[in-house]
Amino acid sequence: MRRRTGRRPGNPDTREAILVAARAAFAERGFDAASIRSIAAAAQVDPALVHHYFGSKDQLFLTAMEAPVDPRELLPKVLAGDRAGIGERLVRTFLGVWDSPAGAAGVALLRSAVSNEWTARLLREFLTTQVLRRVLDHLDVDPAELPLRGSLVASQLVGLGMMRHVIRLEPVASAAPEALVAAVGPTVQRYLTGDLSA
């Protein structure tokens, strides 16, 4: 009998142990403070195995979150173009994901975050480190205002997702995406770049 060549298939138990350790680390310490080394130690594996299964810390986080999309693939389109249109492009992209079949995972995560503090922490980390930080880092605004601006943007997007897909409040639930972009985009734009003292 000939032996097969190539990479040996991974052990699903090892992969799952890494994910369990990663979810706990990200929820307890946050994305920035959780390290690949500490996650590997908690899973009782070599850090190289974490990289083998997941590549980067960002990818491990997205997999642990069961994120429906990778924001790194979508945000360049949001950030391309004039600064005055970022709010509308962000809302349009958000709706494009949440209104698609991939959005079902986001809706499930949102439902869980409402009643489960552990999931809420993961969702907070996802919004903060994977979405808002990437957008706000491209804007020329006072660094002291970044936490408030990010929180306000998140309140609009999560609120929109909640009303459209969880509570299904009409007419938001069945509104055409472009109508919502026109209505919500300017508010998100003000939160991103406008005067917050007014």
Side-chain angles (χ1 to χ4, degrees), residues 26 30-32 58 61-62 65-117 119-198:
F26 291 134
F31 178 82
D32 292 332
D58 281 58
F61 182 69
L62 293 174
M65 284 284 306
E66 298 179 10
V69 295
D70 185 343
R72 293 173 299 178
E73 296 173 4
L74 300 176
L75 290 178
K77 294 176 189 170
V78 171
L79 299 171
D82 68 319
R83 184 176 187 254
I86 290 178
E88 287 190 357
R89 291 191 300 272
L90 184 57
V91 173
R92 186 175 291 114
T93 301
F94 175 84
L95 289 171
V97 172
W98 281 68
D99 290 355
S100 75
V107 173
L109 183 65
L110 189 56
R111 286 180 190 276
S112 180
V114 170
S115 60
N116 183 304
E117 176 56 27
T119 308
R121 287 181 192 172
L122 287 176
L123 181 58
R124 237 183 345 260
E125 284 299 305
F126 175 76
L127 288 170
T128 302
T129 65
Q130 304 299 307
V131 179
L132 299 173
R133 182 186 294 168
R134 294 176 194 277
V135 172
L136 292 168
D137 281 350
H138 281 80
L139 302 177
D140 183 24
V141 293
D142 181 353
E145 295 179 349
L146 294 180
L148 176 59
R149 289 182 184 278
S151 296
L152 290 171
V153 171
S155 74
Q156 286 295 304
L157 296 180
V158 173
L160 180 57
M162 180 69 82
M163 292 303 113
R164 188 165 172 85
H165 293 286
V166 178
I167 296 175
R168 298 189 162 282
L169 181 67
E170 291 294 353
V172 169
S174 60
E178 282 305 311
L180 295 174
V181 169
V184 179
T187 300
V188 171
Q189 185 69 41
R190 184 172 79 81
Y191 290 159
L192 288 171
T193 62
D195 182 3
L196 298 181
S197 64

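By convention here, the first residue in the shown sequence is residue 1.
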Contact check, side chains of [X] and [Y], non-hydrogen atoms, under 4.5 Å:
| X | Y | result |
| --- | --- | --- |
| L123 | L127 | yes |
| L196 | L152 | yes |
| R121 | F26 | no |
| H165 | L110 | no |
| I86 | V188 | no |
| V78 | R134 | no |
| V158 | F94 | no |
| L95 | L160 | yes |

Please report the closest heavy-atom contact between [X] and [Y], naming both atoms and the distance.
| X | Y | answer |
| --- | --- | --- |
| V184 | Q156 | CG1-OE1, 3.8 Å |
| A120 | A113 | CB-O, 3.5 Å |
| T193 | R149 | N-NH1, 3.5 Å |
| L139 | V135 | CG-O, 3.7 Å |

With the threshold set at 4.0 Å, does a side-chain nitrogen-carboxylate oxygen contact exist between [X] and [Y]?
| X | Y | result |
| --- | --- | --- |
| R133 | E125 | no |
| R190 | D195 | no |
| D99 | R92 | no |

Separation between [atom1] of [X] and [atom2] of [Y], rounded to the nearest 0.5 Å:
| X | Y | atom1 | atom2 | answer |
| --- | --- | --- | --- | --- |
| E117 | L122 | CD | CG | 10.0 Å |
| R89 | K77 | CZ | NZ | 12.5 Å |
| S151 | Y191 | OG | OH | 11.0 Å |
| R164 | E170 | CZ | CD | 9.0 Å |
| L146 | T128 | CG | OG1 | 12.0 Å |
| F126 | L62 | CZ | CG | 6.0 Å |

So, [X] side chain and [Y] main chain: donor-acceptor pair closer than 3.5 Å or not?
| X | Y | value |
| --- | --- | --- |
| S100 | V97 | yes |
| Q189 | G194 | no |
| Q130 | P71 | no |

Fill in: Partner set under salt bridge (charged side-chain N to carboxylate O under 4.0 Å, His left out) for R168, not counting sequence neighbours
none
Worksheet entry | R111: salt bridge (charged side-chain N to carboxylate O under 4.0 Å, His left out) partners, not counting sequence neighbours | none
